[in-house]
Number of protein chains: 2
Amino acid sequence: MHNHYAANTRQHLRVWLKLLKTSGNIEAVLRERLKRECGTTLPRFDVMAALDHHPAGLRMTELSEFLMVSNGNVTGIVNRLAEDGLVERTQDSQDRRAQMVCLSPKGNTEFQHLAKLHAQWIDNIMQPLNVEQSDTLMALLEQLTEPEVSP
Amino acid sequence: MHNHYAANTRQHLRVWLKLLKTSGNIEAVLRERLKRECGTTLPRFDVMAALDHHPAGLRMTELSEFLMVSNGNVTGIVNRLAEDGLVERTQDSQDRRAQMVCLSPKGNTEFQHLAKLHAQWIDNIMQPLNVEQSDTLMALLEQLTEPEVSP
DNA sequence: ATATATTACTTTAGGCTTAAAGTAATATAT
DNA sequence: ATATATTACTTTAAGCCTAAAGTAATATAT
């Protein structure tokens, strides 16, 4: 053996590494397919999905809160989506600092296509688990949802 | 309901989002603590951990294969670690293209400290699961280890 | 009314990441 | 021996990400 942690700690490390690896593998598959088959990226997909869930549009700050990423990050992604004509910005007439972002018709059409593919990919990847197993997995992950803060 | 997927697909999507969120949350905690408490980053930690596992050192290409990241990526991280005196590069006397990278004494001391903290953090985060539960989680994740490739 | 604080957003600097192109050294085929 | 291919590594361009600083507009306190 290479270390001298308690058996429990070793097991915990193993489970975490497995969780990280599994999640990372699946995410890598999604990124790869979005790129190769759709010419887009996961962050772009996430922004478009957020806008799809909010058909009336979102302000930049709402978008960054919804996606839990920084404000500046959203600025960059929305800029690039706008350059490609997939989202539209409209100035708020009440507040000249603010703007509303929503999917353009083109962006909406494209997202419906992406979302369908995305769901198929996930469905396929998760296929090995039956209903009971995925319920169990959900329940176990639920217990890790709010990581303890102090050692 | 907001969509019209088969119930199974919806469940699969929910489980995947939960998996992604849980893994991301834990990773965020680790990044945060590495930064705030140790002034380092997860990629730097990963490189140092790889070198700790290979005391004789690794070549740049071996390092990038071990970590499953690109060659150029490793160049950047190792550059910064070397600037901080945490790793050492030694030219291969047989092959003038190649070099050996290993932890410096300073890097080794620092990594032992980081590794101990890291293990404590994981141990604490995984605390909610008892042995049986973590075994079950391992087994379920195992089934997702090699995502199906074709729809 | 005016000063102060807050809010909405962008810009900047720096690190992480990849793919692709570039450089130099080594290995192979003829 | 020489041409070709491969290998080891770095550089570059572009996107993603954050924290911190910056800008302009709005809200609040007095």
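Any value given below was found using the heavy atoms of this structure, including those in side chains, with hydrogens, waters and symmetry copies removed. Letters A, B, ... mirror the listed sequences (proteins, then strands); counts begin at 1.
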**Q** Paired with C:dT26: which nucleotide, if any, by Watson-Crick or G-U wobble criteria at under 3.5 Å for both distances?
**A**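 For C:dT26, the partner nucleotide comes out as D:dA5, under the 3.5 Å rule.
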**Q** Measure from CD on B:Glu27 to C1' on D:dT18 and round the result to the nearest Å.
**A**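 The answer, rounded to whole Å, is 15 Å.
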**Q** Roughly, in whole Å, what's the span from CG in A:Leu81 to C1' in D:dC16?
**A**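 The answer, rounded to whole Å, is 13 Å.
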**Q** If you look at every heavy atom in A:Val101 and A:Leu51, which pair is closest and at what distance?
**A**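 Distance-wise, the nearest heavy atoms are O-CD2, 3.6 Å.
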**Q** Which comes earlier along DNA chain C counting from the 5' end, the contact point of B:Pro43 or that of A:Val74, where each point is its nearest nucleotide?
**A**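 Closest to the 5' end, via its nearest nucleotide, is A:Val74.
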**Q** Within the distance-only criterion (no hydrogens, no angle test), does the side chain of A:Gln143 pair as donor or acceptor with the backbone N or O of A:Leu140 below 3.5 angstrom?
**A**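 It does not hold such a pair.
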**Q** B:Thr61 near the nucleic acid: base, sugar-phosphate alone, or nothing, with a heavy-atom cut-off under 4.0 Å?
**A**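 The answer is sugar-phosphate, as B:Thr61 gets under 4.0 Å only of primed atoms, P, OP1 or OP2.
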**Q** Which pair of non-hydrogen atoms, one from A:Cys102 and one from A:Pro55, has the smallest distance, and what is that distance?
**A**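 For A:Cys102 versus A:Pro55, the nearest heavy atoms are CB-O, 4.5 Å.
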**Q** For D:dT11, give the paired nucleotide (Watson-Crick: N1-N3 plus N6-O4 or O6-N4; G-U: N1-O2 and O6-N3; both under 3.5 Å), or none.
**A**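 The answer is C:dA20, by the H-bond criterion.
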**Q** When all nucleic acid strands are considered with a 4.0 Å heavy-atom cut-off, which category describes B:Arg31: base, sugar-phosphate, or nothing?
**A**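 Nothing, no nucleic acid heavy atom in range.
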**Q** Quick check for you: name the first and last nucleotides of DNA chain C, 5' to 3', having an atom under 4.0 Å from a heavy atom of chain B.
**A**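 Contact boundaries, 5' end first: C:dG15 to C:dT26.
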**Q** Could you check whether A:Gln112 and A:Asn108, counting side-chain N and O atoms only, form a donor-acceptor pair closer than 3.5 Å?
**A**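 Per modelled atom types, A:Asn108 and A:Gln112 side chains form a pair under 3.5 Å.
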**Q** Measure from CZ on A:Arg80 to C1' on D:dC17 and round the result to the nearest Å.
**A**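 Answer to the nearest Å: 10 Å.
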**Q** So which one's nearest nucleotide on DNA chain C is more toward 5', A:Met60 or A:Arg36?
**A**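 So the residue in question is A:Met60.
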**Q** Measure from CD on B:Glu32 to C1' on D:dA19 and round the result to the nearest Å.
**A**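 For the pair B:Glu32 CD and D:dA19 C1', the rounded distance is 12 Å.
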**Q** Would you name the heavy atoms of B:Ile125 and B:Val29 that are closest together and state the gap between them?
**A**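 Looking at all heavy atoms of both residues, the shortest contact is CD1-CG1, 4.1 Å.
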**Q** Considering only NZ, NE, NH1 and NH2 on the basic side and carboxylate oxygens on the acidic side, decide whether B:Glu27 and B:Arg31 come within less than 4.0 Å.
**A**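 Salt bridge present between B:Glu27 and B:Arg31.
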**Q** Heavy atoms only, 4.0 Å cut-off, all strands: where does A:Gln94 land among base, sugar-phosphate and nothing?
**A**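 A:Gln94: backbone/sugar contact only, no base atoms under 4.0 Å.
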**Q** Using a 4.0 Å heavy-atom cut-off, does A:Ile77 contact any base of the nucleic acid, only the sugar-phosphate backbone, or nothing at all?
**A**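 Counting heavy atoms under 4.0 Å across all strands, the contact made by A:Ile77 is with sugar-phosphate only.
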**Q** Can you see which heavy atom on B:Asn25 is nearest to which on A:Thr145, and at what distance?
**A**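 In this case the closest contact between B:Asn25 and A:Thr145 is ND2-O, 3.5 Å.
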**Q** Base, sugar-phosphate, or nothing: which does A:Asp95 touch, judged by heavy atoms less than 4.0 Å apart?
**A**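 It contacts sugar-phosphate atoms only.
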**Q** Using the closest heavy atom to pick a nucleotide of DNA chain D for each, name whichever of A:Arg96 or B:Gly72 lands nearer the 5' end.
**A**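 With A:Arg96 and B:Gly72 compared, the 5'-side residue is B:Gly72.
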